[in-house]
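A short worksheet on the structure shown next.
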Amino acid sequence: MTEPRLFGDPHETPDGTTVITVSRPAGVFVIRDGQAKWEPAVDATRVAVLAVTTGLVAATLGALAVLHRPPWPDLRRRH
């Protein structure tokens, strides 16, 4: 039985940087000038869409709560 590969094959870019993909956690090791740096694979678009959706849901629920029963007392003058 073979073990699953965690590291991909190293790739060298034209400027001499070596990039090694990693499957778990998803990301890459970038080796440049003898220094290794971890860069996680983060989809910024997905994070932004999640944040906007959360904000819209919170705003909608807040507006519905205020329209249903305002949290302040009735200040209208009655004659």
- [ ] Evaluate the side-chain proximity of T17 to I31: yes if any heavy-atom separation is below 4.5 Å, no if none is.
- [x] no

Task: Where I20 and G8 come nearest, the two heavy atoms and their spacing - done: CG2-O, 3.7 Å

Task: Minimum heavy-atom distance D9-H11, with the two atoms named - done: O-CD2, 3.1 Å

- [ ] Check T54 against L50 and note the closest heavy-atom contact, atom names and distance.
- [x] OG1-O, 2.8 Å

Open item on the list: Around atom CD of E12, are there more than 12 heavy atoms from other residues, nucleotides or ligands closer than 6.0 Å?
Closed with: yes

TODO: Could you tell me the separation between the OG1 atom of T21 and the CZ atom of F29, rounded to the nearest 0.5 Å?
DONE: 11.0 Å

TODO: Treating Ile, Leu, Val, Met, Phe, Trp and Tyr as nodes and any side-chain heavy-atom pair under 4.5 angstrom as an edge, say whether W38 and L6 lie in one connected cluster.
DONE: yes

Open item on the list: Does D33, at its CG atom, have more than 12 non-hydrogen atoms belonging to other residues, nucleotides or ligands within less than 6.0 Å?
Closed with: no

Task: V28 side chain near V22 side chain, heavy-atom distance below 4.5 Å - done: no

